[in-house]
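Below is one structure; the comments refer to it alone.
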Amino acid sequence: MNPNFHFEITHTDGKARTGILHTPHGDVETPIFMPVGTQATVKFLSPEELKEMNAGIVLANTYHLWLRPGTDIVKRAGGVHEFMQYDRPMLTDSGGFQVFSFADNRKITEEGVHFRSHIDGSPCFMSPEISIEAQNDIGADFIMSFDECPGYPSTREYMEQSVERTLRWAKRGKDAHKNPNQALFGIVQGGEYEDLRRHSARELVKMGFDGYSIGGTSVGEDKPTMYRMMDYAVAELPEEAVKYLMGVGSKDAILEGVARGIDMFDCVLPTRIARHGTLMTSQGRVNIKNAKYADDFTPIDPECDCYACRHYTRAYVHHLIKENEGFGMRLLSIHNLRFLIHFMEEIRSAIKEDRFAEFKAEEFRKMERANIAHRGF
RNA sequence: GGGGAGGUAGCGAAGUGGCUAAACGCGGCUGACUGUAACUCAGCUCUCUCCGAGUUCGGCAGUUCGAAUCUGCCCCUCCCCA
């Protein structure tokens, strides 16, 4: 186990729990939602803005930084924290998800993945060792095993061999990991197959990681299936281990995750839909581009305390987004992230007060009323 | 006054006898987005009693089986020279 990293569970309420992640860049409370900053920046936002919204861990992506500017540059800059001037904890994804999203032009072998750069089409090769070494150079507090994230649905035969390969890759990555200041997570795969999920989790636990991620969710499956995937994985993971549900950022899935003992969530959803003009609000989803907001001089979300809601009207943001102004994307990104971060604060309070089940039920009722229950955000 | 160019759907702009309600772009409207190839993508955008029909391509009158496309006249715009 890593001496520079410690997960402390502070309170439990059923399977839901609050905790503190102690890292070389300070402590953060869990359950936590982590904004995604793929290219060492949360698109349109400054580190100051992230801090003001009470962001904790921020993600960056190994694949992207490896291609540009090159992980050697990040290393020479003094690591990603110094490079992007964010002094709170960070996490890098391994590039495994890109293996999934580049499905059209990649070739998976035992050694690793051959694919073409999305920038210039040049041939690239990523392996567990290369990914871990790159992540060591980037220097985030949390790093991920290089995994394959199969799409949904995948045949059982495919998933069986994929899970085995990802387990072998996890072992190779663990052996390659050299930086004691970085917590390395194993990633549970296995699709919707219970025995494969359980097997994947069990084998990772045997290898012993600093934390465990649940991958292969939100890749096309329906919600009940996603929740079953969580159930299968969590069933084989130690109670005390920190658990991370990768790529999930809708309210319903976060609530279901927390209810199962998940501690960490990340998602591009709030920032992406913000750039595209959609707001998550206490009243449900708002597409600010709609003509009806052109003369709506009320706050973005009357119940929100974010910078955008404190200062600007829907009419103004409507105008900015219609005009494709960066400031509009920034304001909406600030709002959506703060909305989810605040949501996590409420979840933590509910857990600490032993009323998470009621909180969760009420949140689902609210989603029903806002007519977003079918989507979850 | 002389010479030249041109008027196509909200705007710009293709089309120069049938396959054209009319390419494409913009604008407009709506939707999507879950470990970010995503300031992206998709649909709709003449009218209606809208799974079928009706009116269109400056105007009017013609030629033709058939015209936004050809002919005549008229109206309007822009450019150059006086």
Side-chain angles (χ1 to χ4, degrees), chain A residues 33-45 57-65 67-68 91-106 115-122 124 131 135 140 142-150 152 185 187-189 213-223 226 244-254 256-257 262 264-280 285-294 318 320-333 336 340 374-377:
Chain A
F33 176 79
M34 308 179 286
V36 180
T38 303
Q39 315 244 39
T41 173
V42 177
K43 296 185 191 298
F44 288 94
L45 302 187
I57 302 167
V58 167
L59 263 68
N61 188 279
T62 305
Y63 163 79
H64 295 269
L65 296 179
L67 282 187
R68 268 198 317 217
L91 181 154
T92 42
D93 184 29
S94 60
F97 185 73
Q98 278 62 46
V99 177
F100 159 69
S101 46
F102 297 162
D104 288 341
N105 60 11
R106 48 100 159 123
F115 57 95
R116 294 199 169 268
S117 158
H118 73 275
I119 297 169
D120 61 5
S122 59
C124 300
S131 173
Q135 293 187 79
F142 302 90
I143 67 175
M144 296 297 121
S145 293
F146 184 65
D147 64 331
E148 182 194 352
C149 177
Y152 179 87
F185 281 38
I187 302 179
V188 179
Q189 290 289 352
S213 303
I214 299 171
T217 55
S218 274
V219 290
E221 78 283 10
D222 57 27
K223 290 283 168 67
M226 184 203 291
Y244 165 25
L245 181 60
M246 306 183 83
V248 170
S250 57
K251 285 174 72 172
D252 58 351
I254 288 173
E256 293 294 349
I262 305 289
M264 304 162 71
F265 303 85
D266 80 284
C267 200
V268 304
L269 190 64
T271 44
R272 178 179 294 166
I273 68 176
R275 272 176 273 123
H276 298 168
T278 301
L279 291 157
M280 296 172 167
R285 153 190 281 239
V286 167
N287 186 341
I288 203 69
K289 284 190 285 195
N290 287 174
K292 63 185 171 186
Y293 298 116
H318 167 87
L320 293 181
I321 293 293
K322 293 286 283 187
E323 289 303 313
N324 205 27
E325 285 289 346
F327 189 52
M329 298 183 197
R330 172 203 229 91
L331 289 176
L332 293 206
S333 295
N336 279 352
L340 275 186
H374 60 293
R375 191 186 278 107
F377 63 91

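Chain A is the first sequence line, chain B the second, and so forth, proteins listed ahead of strands; every chain is numbered from 1. Atom set for the values below is all heavy atoms of this structure, side chains included, hydrogens, waters and symmetry mates excluded.
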| side-chain contact (heavy atoms from CB on, under 4.5 Å) evaluation trace for Val36(A) with Arg272(A) | CA-CA 10 Å; Val36(A) 180; Arg272(A) 178 179 294 166; over 6 Å; no

| query | Nearest-Å distance, CD1 (Ile143(A)) to C1' (G35(B))? | reply | 15 Å

| Looking for any heavy atom pair under 4.0 Å, which part of the strands does Glu323(A) touch: base, sugar-phosphate only, or nothing? | nothing

| said: Taking the C1' atom in each of C81(B) and C11(B), what is the distance between them to the nearest angstrom? | reply: 33 Å

| field | G6(B): pairing nucleotide in any strand, Watson-Crick or G-U under 3.5 angstrom | value | C76(B)

| task | Indicate the atoms forming the closest heavy-atom contact of Cys149(A) with Phe97(A), along with that distance. | result | SG-CD1, 4.2 Å

| To the nearest angstrom, how far is Lys289(A) atom NZ from G27(B) atom P? | 11 Å

| field | Pairing partner (Watson-Crick or G-U wobble, both distances under 3.5 angstrom) of A42(B) | value | U30(B)

| query | Looking only at side-chain N and O atoms, does Asn287(A) come under 4.0 Å of OP1 or OP2 in U30(B)? | reply | no

| message | Between A14(B) and U20(B), how many Å separate the two C1' atoms, rounded to a whole number? | response | 12 Å

Considering only nitrogen or oxygen atoms on both sides, find all protein atoms under 3.5 Å from nucleotides 36-39 of chain B and state each distance.
{"from": "U36(B)", "atom 1": "OP1", "to": "Asn61(A)", "atom 2": "ND2", "distance (Å)": "3.0"}
{"from": "U36(B)", "atom 1": "OP1", "to": "Asp93(A)", "atom 2": "OD2", "distance (Å)": "3.3"}
{"from": "U36(B)", "atom 1": "OP2", "to": "Thr38(A)", "atom 2": "OG1", "distance (Å)": "3.2"}
{"from": "U36(B)", "atom 1": "O4'", "to": "Arg272(A)", "atom 2": "NH2", "distance (Å)": "3.0"}
{"from": "U36(B)", "atom 1": "O3'", "to": "His64(A)", "atom 2": "NE2", "distance (Å)": "3.2"}
{"from": "U36(B)", "atom 1": "O3'", "to": "Gln98(A)", "atom 2": "NE2", "distance (Å)": "3.3"}
{"from": "U36(B)", "atom 1": "O2", "to": "Arg272(A)", "atom 2": "NH2", "distance (Å)": "3.4"}
{"from": "U36(B)", "atom 1": "N3", "to": "Arg275(A)", "atom 2": "NH2", "distance (Å)": "2.6"}
{"from": "U36(B)", "atom 1": "O4", "to": "Thr271(A)", "atom 2": "OG1", "distance (Å)": "2.6"}
{"from": "U36(B)", "atom 1": "O4", "to": "Arg275(A)", "atom 2": "NH2", "distance (Å)": "3.1"}
{"from": "A37(B)", "atom 1": "OP2", "to": "Ser101(A)", "atom 2": "OG", "distance (Å)": "3.1"}
{"from": "A37(B)", "atom 1": "O5'", "to": "His64(A)", "atom 2": "NE2", "distance (Å)": "3.2"}
{"from": "A38(B)", "atom 1": "O2'", "to": "Arg275(A)", "atom 2": "NH1", "distance (Å)": "3.0"}
{"from": "A38(B)", "atom 1": "N7", "to": "Arg272(A)", "atom 2": "NH2", "distance (Å)": "3.0"}
{"from": "C39(B)", "atom 1": "OP2", "to": "Arg275(A)", "atom 2": "NH1", "distance (Å)": "2.2"}
{"from": "C39(B)", "atom 1": "O2'", "to": "Asn324(A)", "atom 2": "OD1", "distance (Å)": "2.7"}
{"from": "C39(B)", "atom 1": "O2'", "to": "Asn324(A)", "atom 2": "ND2", "distance (Å)": "3.3"}

| task | Answer yes or no: is there a donor N or O on one side and an acceptor on the other, between the side chain of Asp266(A) and the main chain of Met34(A), under 3.5 Å? | result | no

| field | Length of the line joining Phe377(A):CZ and G31(B):P, which is rounded to integer Å | value | 13 Å

| Does Lys223(A) get its side chain close enough to the base of U34(B), under 3.5 Å, for a donor-acceptor pair? | yes

| Whole-Å gap separating P (U40(B)) and CG (Leu332(A)) | 15 Å

| Can you tell me the Watson-Crick or wobble partner of C11(B), both distances under 3.5 angstrom? | G25(B)

| remark: Between CD1 of Ile254(A) and P of U34(B) the distance, given in whole Å, is 14 Å

| request: Please check if the side chain of Thr62(A) supplies one atom and the backbone of Ser131(A) the other of a donor-acceptor pair under 3.5 Å. | output: no

| field | Distance, C1' atom - from C79(B) to U55(B), rounded to whole angstrom | value | 35 Å

| Between G2(B) and G12(B) - P atom distance, rounded Å | 30 Å

| request: Decide yes or no for Val42(A) and Ser333(A): does some side-chain heavy atom of the first lie under 4.5 Å from some side-chain heavy atom of the second? | output: no

| query | Which whole-number value in Å describes the distance from Leu91(A) CG to G35(B) P? | reply | 14 Å

| query | Looking only at atom P, what distance separates U56(B) and A67(B), rounded to whole Å? | reply | 11 Å

| request: State, yes or no, whether a side-chain contact exists between Thr38(A) and Leu59(A) at a heavy-atom distance under 4.5 Å. | output: no

| message | Applying a 4.0 Å non-hydrogen cut-off, can you work out what Gly216(A) is touching in the nucleic acid: base, sugar-phosphate, or nothing? | response | base

| A21(B) and C44(B), which share atom name C1', separated by this distance in whole Å | 15 Å

| Watson-Crick or G-U wobble partner of C70(B), both distances under 3.5 Å | G62(B)

| request: Assign the ring pair His118(A) / Tyr63(A) to parallel, tilted or perpendicular, where the plane angle (0 to 90°) is split at 30° and 60°. | output: tilted

| query | Atom CE of Met226(A) to atom P of G35(B): distance rounded to whole Å? | reply | 10 Å

| query | What is the distance from CZ of Arg285(A) to C1' of C33(B), rounded to the nearest Å? | reply | 8 Å

| Toward the 5' end of RNA chain B, which comes first, Ser250(A) or Asn290(A), by nearest nucleotide? | Asn290(A)

| said: My understanding is that a pair needs two contacts under 3.5 Å, Watson-Crick or G-U wobble. By that rule, which nucleotide pairs with A53(B)? | reply: U47(B)

| field | Asp252(A) and Ser250(A): side chain donor to acceptor below 3.5 Å | value | yes

| field | Nearest-angstrom distance, P atom, C50(B) to C33(B) | value | 31 Å

| said: Considering every strand and a 4.0 Å limit on heavy-atom distances, what is the contact class for Lys251(A): base, sugar-phosphate, or nothing? | reply: nothing

| request: Look at the aromatic rings of Phe142(A) and Phe185(A) and report parallel, tilted or perpendicular, splitting at 30° and 60°. | output: perpendicular

| said: Using atom C1' in both nucleotides, what's the gap between A22(B) and U16(B) to the nearest angstrom? | reply: 13 Å

